[in-house]
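Report on the structure given below.
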Amino acid sequence: MSRYSFTVPDSIESAREIQQQARSLVIPEDRLDPVGLVAGVDVGFEENNTITKAAIVVLNFPSLEVVETSIARMPTGFPYVPGFLSFREIPAILEALEHLKTNPDLYLCDGQGIAHPRRLGIASHLGVAIDRPTIGVAKSLLVGKHAPLGEEKGAWTPLIDKKETIGAVFRSRTRVKPLYISIGHRVSLETAIDRVSRCLTKYRLPEPTRLADKLSKKEGGEVRNLGT
DNA sequence: GCGACAG
DNA sequence: ATCTTGTCGC
């Protein structure tokens, strides 16, 4: 069933080829079930970047109650190069996903989806790798331009690159730096914006990503699954 | 050639 | 991403 196998290349040149080939597998439309479980995915580093730590938090939707969490550590195998983040973080994410006992209907990833130079940011690459619905929720801009954004919570404007809409610049909280939402895989931009909006509480980041971020920065890691 | 550059 | 305390503002 899985017609895509994720691998870490040994050079930026080959990495670019992999992205070029994988981008064609991204499905920019709604092909997801009603969301009952949403997962937040984030990655952190330890020991001077030699260790990559992935954290996943699964919550009920739309109640946003935490159902389970998973953490995985792994030696860092790829450097940080803008535009090639997935090769550095996905290995640990895949490991953390192996220990999940639930099957999330949707994944919110820290980083870009198709709002990427070659339209294959980490959220899209992960989505294709596991063939599950994903949304990119980045805290800063990688590529694209946009019109001025309203200051009120909920305001958003299209993110454009080379004349095409690659995402949405979204205000998750009034007068706070915006979020950059983009299609990851199997989700339309409209649905992406709606689902992220429904995961917001009192913080800038949606709960799934906010909790995963907190977990990736926390100490410990032996314990894989907490919660139910 | 000169910037820009997710995490 | 990570290193780091208190502090200004809603």
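Just so we're on the same page: letters track the sequence lines, and every chain starts at 1. None of these values were measured; they are calculated from a predicted model.
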Check: How does DNA chain B look in dot-bracket form if you count Watson-Crick and G-U pairs under 3.5 Å, write [ ] for pairs that cross, and put | where a base pairs with another strand?
Finding: .......
Next item on the list: Would you check, one step at a time, whether the test ring pair (Phe, Tyr, Trp, His ring centres under 6.0 Å) holds for His125(A) with Tyr4(A)?
Entry: CA-CA 10 Å; His125(A) 204 163; Tyr4(A) 181 80; 5.7 Å; yes
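- Among the atoms of the strands shown, base atoms are found under 4.0 Å from some heavy atom of Gly83(A).
- When only modelled atom types and interatomic distance are considered, His146(A) and Tyr180(A) share no side-chain donor-acceptor pair under 3.5 Å.
- Under 4.0 angstrom from either OP1 or OP2 of dC10(C) there lies no side-chain N or O belonging to Lys202(A).
- In 5' to 3' order, the nucleotides of DNA chain B bounding all contacts with chain A (an atom under 4.0 Å from a heavy atom) are dC5(B) to dG7(B).
- In the model, Thr209(A) has no side-chain atom that pairs as donor or acceptor with a side-chain atom of Asp110(A) under 3.5 Å.
- By the 4.0 Å N-to-carboxylate-O rule, Asp30(A) lies too far from Arg195(A) to be salt-bridged with it.
- Stem analysis of DNA chain C (at least three stacked-register Watson-Crick or G-U pairs, each with both distances under 3.5 Å) gives none.
- Between the Glu68(A) side chain and the Lys101(A) main chain, a donor and an acceptor come within less than 3.5 Å of each other.
- Note: Phe87(A) and Phe6(A) have parallel aromatic rings, judged against thresholds of 30 and 60 degrees for the angle between ring planes.
- Atom pair Asp42(A):CG and dA1(C):P shows a separation of 7 Å (rounding to whole Å applied).
- At a cut-off of 3.5 Å, with distance as the only test, a side-chain donor of Thr201(A) or Glu207(A) sits close to an acceptor on the other residue.
- Between the CZ atom of Arg88(A) and the C1' atom of dA1(C) there is a distance of 7 Å, given to the nearest Å.
- Using a cutoff of 4.0 Å between basic side-chain nitrogens and carboxylate oxygens, Arg73(A) and Glu95(A) are not scored as salt-bridged.
- Of the possible donor and acceptor atoms, one in the side chain of Asp105(A) sits under 3.5 Å from a partner among the backbone N and O of Leu37(A).
- Side-chain nitrogen and oxygen atoms of Lys217(A) include at least one within less than 4.0 Å of the OP1 or OP2 phosphate oxygen of dA1(C).
- Atom NZ of Lys177(A) is separated from atom C1' of dC10(C) by 17 Å (rounded to the nearest Å).
- Leu141(A) comes within 4.0 angstrom of sugar-phosphate atoms only, judged by non-hydrogen atoms across all strands, and of no base.
- Glu164(A) has no carboxylate O lying under 4.0 Å from a charged side-chain N of Lys162(A), or vice versa, which leaves the two without a salt bridge.
- The closest donor-acceptor contact from the side chain of Thr52(A) to the backbone of Glu89(A) lies at 3.5 Å or more, if one exists at all.
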